[in-house]
Every structure is written in C-alpha cells, then in structure tokens.
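Below you'll find the structure, written out as structure tokens, and then a few comments.
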Protein chains: 2
Amino acid sequence: MTHSEENYLKAIFHLNKGGAKAVSTNALAGQMDTKPSSVTDMIRRLAEKGVVHYKKYQGVSLTEKGSRLALSVIRKHRLWEVFLVEKLSFNWDEVHEIAEQLEHIKSEQLIDRLDELLGFPQFDPHGDPIPTKDGSLPSGDKQLLSNMPLHSKGICVGVKDSSSAFLKFLDKNNIALGHRIELLEKEEFDNSVFVKVNDAPMHLSYQIASNLYVKKI
Amino acid sequence: MTHSEENYLKAIFHLNKGGAKAVSTNALAGQMDTKPSSVTDMIRRLAEKGVVHYKKYQGVSLTEKGSRLALSVIRKHRLWEVFLVEKLSFNWDEVHEIAEQLEHIKSEQLIDRLDELLGFPQFDPHGDPIPTKDGSLPSGDKQLLSNMPLHSKGICVGVKDSSSAFLKFLDKNNIALGHRIELLEKEEFDNSVFVKVNDAPMHLSYQIASNLYVKKI
DNA sequence: ATTTAAATTTAGACAAATCTAAAAATATGT
DNA sequence: ACATATTTTTAGATTTGTCTAAATTTAAAT
Ligand SMILES: [Mn+2]
Ligand SMILES: [Mn+2]
Ligand SMILES: [Mn+2]
Ligand SMILES: [Mn+2]
C-alpha cells in the first residue's frame, strides 16, 4: 500500500464508523481534500486490490482486508502520538501532523517495540482508543457533554474535534482528559452549558460541549 | 524535496566525500540501484532546483544548498538509528532499513527533541558521526584496521561496511565498538591480520580488517 | 412524469519517477 | 590517429496520483 492508498483507507474507515451504509465519493473527496474525480480513480485501484467494495454510483466500503489495513494505520498513528507527547514532550495539539507522516513507516517490529516502550497504552493523547495488534478497537461508553443529562457527573475522556484551535482553548481553560465534569445547567436558548470542571465553574458554548467526550460515573 | 530527491542528495554526498571531483552518472546509478537514464533525469531536476552543479557528461556535485540538505537527511538517519538501538533495543544490524524511512519525516522540532531525548549523541550505532544542527560533520581521526602499522594499539570506533551480514559476524566474534584492538601480525600473502580484541586473540581476513575503523591510542 | 439539480464517472491532460532501446559523446587501446 | 568500448544522454513509454471539463447517472422538485 502506498501512503496515499493508506490515507484513503483511513478516511473510508472514519467516515464509515457509525453509519452502516457505504461512503459517498463526495464525502471522501471532502475528507481527503481532493476532487471527486480523483477519488473515483483511487477507489478503482483500491477495488482492484481487494481492499474495498465498490459498485459504480453506489459508494464504497472496506472489505475485511481493507478494514484490517486501516486499523493498522490508525494504530500506528495513535501510538506515535502517544510517543510524541509522552517521550518528546509535545503538546497534544502539535502531534497530529507529525503522526500523519510517521503512521506510514513500515515495520511490524518497530511498532511492537514502540508499543512496549510506551507501556501498551490504550488511548492516544486525544482519548481515542488504540487498536490492538490483532485489530480490535475498544469502543468505550463515552458520550458528548452536550448529550449528558442535567446534573450528571463524569470524567472528561476525549475530544471529537482535535484541531489545534480547540485543544488550545481547552488548555487555556484548564480542561484536560481525566478531569471531573459536572453538568449544572443547560441553557435552552443556545444549548450552552454551565459546568464544574474539577470544581472550577464555567460556561461552555454548544460548540465546545458538543466536542468533548465524557464518561459517566 | 521528495523522498527520492533526498535519497539522491545523500548518495551524491556519500560518493563525493573524500574525492574532490564530480560524481559520475554510472556511479550514482550503482549507488541508487537504478538505471543511468533515470539518474540523468533526476540530476536535471535537481539542477533546476539549484541543489547540484551539473554539466552534461561532466558528472554532478552538490551546491552549498544541496550539501546542507544532504547533511540534514544524514543527521536524521543517524539520530533515528541511535533511537532504535538505545530506546527500542534493536540490534545495530537491524536499524538501517527503518532509518531509511524515518529520515524523510519532516519536522525540525521532532528531530531537535529526539536529539535531546538521546542526550545529543555524537555518533550513530555504526560509529558514524552525527552532523550537528548547523551542518558541521566532525571527521574524527579513525583509520581502517588494514591500514594500521604493525604492533599499534587502538580502539574500535566504527565500521565501513554496515551490512547486516558483516555486523552479525562482528557480534558473533565479540567485536564491538569501544573494544581495544592490538595489531599483532600481518600476513603478506593475503593481507589478513592477527589481532587481540579486548585480550582475545583472533585471525581476521583482509575483508574484515578493511571494514573496521580503529582510532589509534 | 418531466424537469432540474446534484452527485458521480469518463475523457484527456499533467508532473514525478521510473524503464528500455537507440543515439551521441567521451575514453581507451593499438 | 583511428577503431572500439564505455559512458552518458535522448526518445518514447509506463505507473501513480492528481487535475479540469464534459458526459452520465441518480436524486429532488415541480
Ligand atoms: Mn491524529
Ligand atoms: Mn489522536
Ligand atoms: Mn544507516
Ligand atoms: Mn549508521
């Protein structure tokens, strides 16, 4: 698999997670920041290689083989992100771009030993689960803060948007993975919320609340 | 610079180190394991980009800019090799292939922090000097064991051939960097040598002796 | 059920990196 | 100096991954 092919597999995996139906050419073009015609070309090649199911005009989905490959790339991406944060002191908003490159390095042994060096982490710096060597992906029972019932308590376990802008905002407001979150109030008008984060009260917009994953306790 | 372009720059650098005259198309094709016609094509592109000097039929050499780029890639390669050996417990004969991939990862910050994590090493696992951030390359005063005068003593500081086969041979015979070497005898007929390595006497063929670097003491 | 709009695919082109086969330039040997 | 061998370059083709513009198919709206 080339770098580009691996990136397509990853994109199809992410777009298909959740929804059961096939991924559209346009959606894939959006995700890959490319043109639909280029996507069609690539999908064809991937179908030839037996890593995707594809029928003209009917969208695309991963085969068993394709899914295994995608999970392997995602595993590498997330392990490298952990490495960058834990061993090289990068901030969690700086690691994604570098991991996008490192995820394509080909060496089973390398990734196994990296896993070991890091102590077999289960989650990456953004709270996303790290696929195991055999390709299983723990789902976890997290939910978005914006979907939590009033007065419920939980632990912040992940982010949906992992853009640098969002992550920097969280840093600035002392919101980090592992912190306790209590939902005190919900504003009907704009869907914003009042919360306590580790006992610090604050007001968060819907934009924020709908990008923070919480695990109920 | 693409991966391929970086690999060409590195190859030109290595072929040119020592000799002052330009590198021939054929030599470069040999090093890159490709065809001379492909080399001509690539050299043209590199000349366009101002990283090599090139006149038809007259061979190729690096410009100042090209030399800087080559040294930067070599720095990355060697730092990653140190990482693989020191942090991931790879043997010195297993790291080259992986470093060939890692050397192309683009991030100044990454390599700076890796350097720091490793304690700013000066040599890679094969005894080759690591170029500094500003592009200087300590030469060192090592020489080949086969060139040492009779009865001289030194420390084994590097290998010329860093193929897995050669390195495994050294492992098997307990020859490692840092070991003391004393040249006891030279056989005129086949240029083989009798040496003591850390007090263990042994007989080494010219093939071996001409691929081991020693620093006189 | 048509018409219109949106999504998707085809056709044709391009740059990067490579190849084979043939031509041109340089080096070597007598 | 001239013929021969070697090296190097050109010409033309291929693969990958992308693009634009045009054609086709599917979906939505009247
Ligand atoms: Mn990421
Ligand atoms: Mn992540
Ligand atoms: Mn190496
Ligand atoms: Mn090395």
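Numbers restart at 1 for each chain; the letters A, B, ... are given by sequence-line order, proteins then strands.
- Between B:Asp115 and B:Arg75, at least one side-chain nitrogen of the basic residue sits less than 4.0 Å from a carboxylate oxygen of the acidic one, meeting the salt-bridge criterion.
- Atom NZ of B:Lys106 has more than 12 neighbouring heavy atoms from other residues, nucleotides or ligands inside a 6.0 Å radius.
- Rounded to a whole Å, the CG atom of A:Asn7 is 17 Å from the P atom of D:dT16.
- Atom CG of B:Leu28 and atom C1' of D:dT9 are 15 Å apart (whole Å).
- Using the six-membered ring where Trp is involved, A:Phe169 and A:Phe166 have ring planes that are parallel, under 30° apart on the 30 and 60° scheme.
- Atom NZ in B:Lys56 sits roughly 9 Å away from atom P in C:dT26 (whole-Å rounding).
- In this structure, B:Asn26 atom CG and C:dA27 atom C1' are separated by 13 Å, rounded to whole Å.
- Under 4.0 angstrom from either OP1 or OP2 of C:dT9 there lies at least one side-chain N or O belonging to A:Tyr54.
- Shown here is A:Asp33, whose CG atom has no more than 12 heavy atoms of other residues, nucleotides or ligands within 6.0 Å.
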Where along nucleotides 13-23 of chain C does protein come under 4.0 Å, by heavy atom, of base (B) or sugar-phosphate alone (S), with - for untouched nucleotides?
----SBBB---
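- Between B:Glu108 and B:Lys133, some side-chain heavy-atom pair lies under the 4.5 Å cut-off.
- Here B:Lys168 pairs with B:Asp93 under the salt bridge (charged side-chain N to carboxylate O under 4.0 Å, His left out) rule; sequence neighbours left out.
- In this structure, B:Ile43 atom CD1 and D:dT8 atom P are separated by 9 Å, rounded to whole Å.
- One can place NZ of A:Lys21 at 19 Å from P of D:dT26, the figure rounded to the nearest angstrom.
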